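To start, the structure under review is shown below, and the notes come after it.
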There are 2 protein chains.
Amino acid sequence: MSEKNGIVNLYEQNDRFYVAVDCIIFGFHQGTLKLLLIKRKFDPCKGEWSLMGGFLNKDESIDAAAERVLQDLTGLENVYMEQIGIFGELDRDPGERVLSAAYYALINIDDYDKELAASHNAVWVPITEIPDLIFDHNKMVRIAQKQLKRKAAVEPIGFNLLPELFTLPQLQSLYEAIFGDTLDKRNFRKKLLAMDVFEKTEEKDKSNSKRGAYYYRFDYDKYTELVQSGLRFAL
Amino acid sequence: MSEKNGIVNLYEQNDRFYVAVDCIIFGFHQGTLKLLLIKRKFDPCKGEWSLMGGFLNKDESIDAAAERVLQDLTGLENVYMEQIGIFGELDRDPGERVLSAAYYALINIDDYDKELAASHNAVWVPITEIPDLIFDHNKMVRIAQKQLKRKAAVEPIGFNLLPELFTLPQLQSLYEAIFGDTLDKRNFRKKLLAMDVFEKTEEKDKSNSKRGAYYYRFDYDKYTELVQSGLRFAL
DNA sequence: GCAAAAGTGTTCTAGTTACACCCATGC
DNA sequence: GCATGGGTGTAACTAGAACACTTTTGC
């Protein structure tokens with residue numbers, strides 16, 4: 001046992017562990033929720049599907065490691081991320097004892113470094129068609145999806161999956177994908193617009209219809225007002 | 001770099017970490033929600049208040065470590081526990097870099113090993129009067145309380161804080177303590193009894209009134225039926 | 001007989017659900 | 001002029017909130 005500042009170091013008698021982070025990266029495109037998965041080009045489990053992951057370094061917090069791993073794959077910073085927990089079964093990684101902290105991230109699928117992602121063999125896969133993943137990654141995905149579902153219903157996090165400007169039909173189809181359920185168009189619009197957290201623009205998206213749908217923007221200031229007035233975002 | 005089964009071990013180039021678990025132990029007594037805290041008899045931070053914690057060992061899963069730590073303090077097994085996440089800021093433990101997985105536990109405050117707890121300097125403290133705790137333990141408590149609040153509203157976990165037999169006034173005061181709000185007696189009873197997950201006994205608790213209140217028991221079989229019928233526990 | 005907690009229904013309100021037609025535009 | 005998706009209001013229903021008196025019994 002060593003000493004530090006003259007005090008016997010009680011830590012050293014304990015075991016130390018490898019710690020990884022794994023990212024469940026959500027994107028949304030054409031009505032479907034997708035995950036950015038990688039087809040591993042390295043061992044262990046070369047050739048199999050997995051989440052993007054990486055090891056925790058001495059000099060970084062776990063949150064920072066998750067951000068780094070996400071950035072290594074997508075080039076993105078300042079992304080909405082949420083820890084879902086740490087996974088620590090003895091044999092979860094057959095190679096060695098490794099603990100893994102799982103995070104989910106919500107990104108705008110049109111805006112990331114596609115060459116970088118391609119260099120890691122990353123592919124967008126619809127959430128309904130997730131293949132068998134290595135280790136306990138399927139479990140992580142299940143939990144992340146559940147948590148997203150729960151949280152998206154009470155906090156305005158869905159917007160992270162859309163471009164800054166989005167239409168209401170787009171937004172509705174996003175929430176339908178997240179909840180795995182259809183929503184009534186009129187009730188959906190009524191409820192959302194009643195919260196008054198959107199700014200309507202004059203621009204229209206004509207890519208889906210001849211008439212075109214107005215672009216809206218989520219207004220964080222209005223949202224702050226809503227919360228301060230004692231109300232909540234709710235769907 | 002060493003080899004294992006003839007494959008270069010890629011793990012060894014990574015850092016390894018001490019990993020602890022900390023337990024937020026909830027109990028309920030006389031209308032107040034309480035936490036079992038310990039006044040540390042050892043360094044670091046001797047004499048200060050903290051959660052019960054312990055280090056993860058090589059041969060156990062993180063969940064198992066949390067159960068062990070809880071048992072070391074209370075003697076209890078098979079307790080309702082829930083992970084709230086891992087905390088990994090660089091300087092959260094000033095002595096060394098230690099990651100900590102926090103779990104909350106719900107126990108029946110009348111049923112644990114009191115001598116064992118006393119030997120660890122453990123004390124029940126009302127949730128409204130939590131002192132400054134070491135490290136990031138106050139943050140863990142805040143998150144645990146929030147999570148309990150959320151989860152108790154949609155799953156029948158509150159019963160873990162009560163004896164097998166409990167009265168409806170007791171149950172109501174428990175939920176009032178968890179939610180930090182008062183509830184209407186008639187609406188509360190109506191809603192709970194409508195779910196039909198209780199078994200009413202013939203016994204009465206006369207400790208709080210001359211008339212006495214009937215003892216009820218939570219019926220897991222009835223609850224399973226409720227869930228299978230597509231309904232949910234909800235408060 | 002009275003104090004103190006247990007037990008019990010009904011009305012009102014607000015929020016959620018269900019539902020169908022007109023509008024704007026490109027072709 | 002017609003096909004396509006965008007946009008709008010109202011009525012019925014259901015769940016939640018508000019509310020006051022009677023019952024039991026130990027002292």
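From a predicted model like this one, the values you see are computed outputs, not experimental measurements. All chains are named by letter (A, B, ...) in the order of the sequence lines, taking the proteins before the strands, and each is independently numbered beginning at 1.
- Look at CZ on A/F166: it is 15 Å from P on D/dG6, rounded to the nearest Å.
- Using a 4.5 Å cut-off on side-chain heavy atoms (C-beta onward), B/L148 and B/L33 make contact.
- Regarding A/L168, its CG atom lies at a distance of 14 Å from the C1' atom of D/dG5, rounded to whole Å.
- As a whole-Å value, the separation of A/L192 CG from D/dT8 P is 13 Å.
- Note: A/F166 and A/F159 have tilted aromatic rings, judged against thresholds of 30 and 60 degrees for the angle between ring planes.
- In this structure, B/R189 places its CZ atom 17 Å from C1' of C/dT10, rounding to the nearest Å.
- At a threshold of 4.0 Å, the pair B/R40-B/E48 does not count as salt-bridged, since none of the basic side-chain nitrogens sits closer than that to a carboxylate oxygen.
- A search for side-chain hydrogen bond (donor to acceptor under 3.5 Å, both in side chains) contacts involving A/E82 returns A/Y80, A/K151, not counting sequence neighbours.
- Between A/L161 and the choices A/I107, A/I109, A/L106, A/L171, the side chain to side chain contact (heavy atoms under 4.5 Å, CB included) rule is met once, by A/L106.
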| query | Nucleotide by nucleotide, 5' to 3', does protein get under 4.0 Å of the base (B), only the sugar-phosphate (S), or neither (-) in nucleotides 17-27 of chain D, counting heavy atoms? | reply | BBBB--BBBB-
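- Here the OG1 atom belonging to B/T167 is positioned 11.5 Å from the NZ atom belonging to B/K204, to the nearest 0.5 angstrom.
- The stretch residues 222-235 of chain A does not touch DNA chain D, since none of its heavy atoms comes less than 4.0 Å from the strand.
- For the pair B/K191 and B/F188, the NZ or CZ position fails the cation-pi test of under 6.0 Å to the six-membered ring centre and within 45 degrees of the ring normal.
- Between A/F218 and A/Y223, the angle of the ring planes lies from 30° to 60°, which puts this pair in the tilted group.
- Rounded to an integer number of Å, the gap from A/Y214 OH to D/dG7 C1' is 10 Å.
- In this structure, A/N208 places its CG atom 14 Å from P of C/dG26, rounding to the nearest Å.
- Here the P atom of nucleotide C/dG9 and the CG atom of B/L193 are 11 Å apart, to the nearest Å.
- Spacing between atom CZ of B/F188 and atom C1' of D/dG16 amounts to 15 Å, rounded to whole angstrom units.
- Geometrically, A/K114 engages A/Y112 in a cation-pi contact, judged by NZ or CZ lying under 6.0 Å from the ring centre and within 45° of the ring axis.
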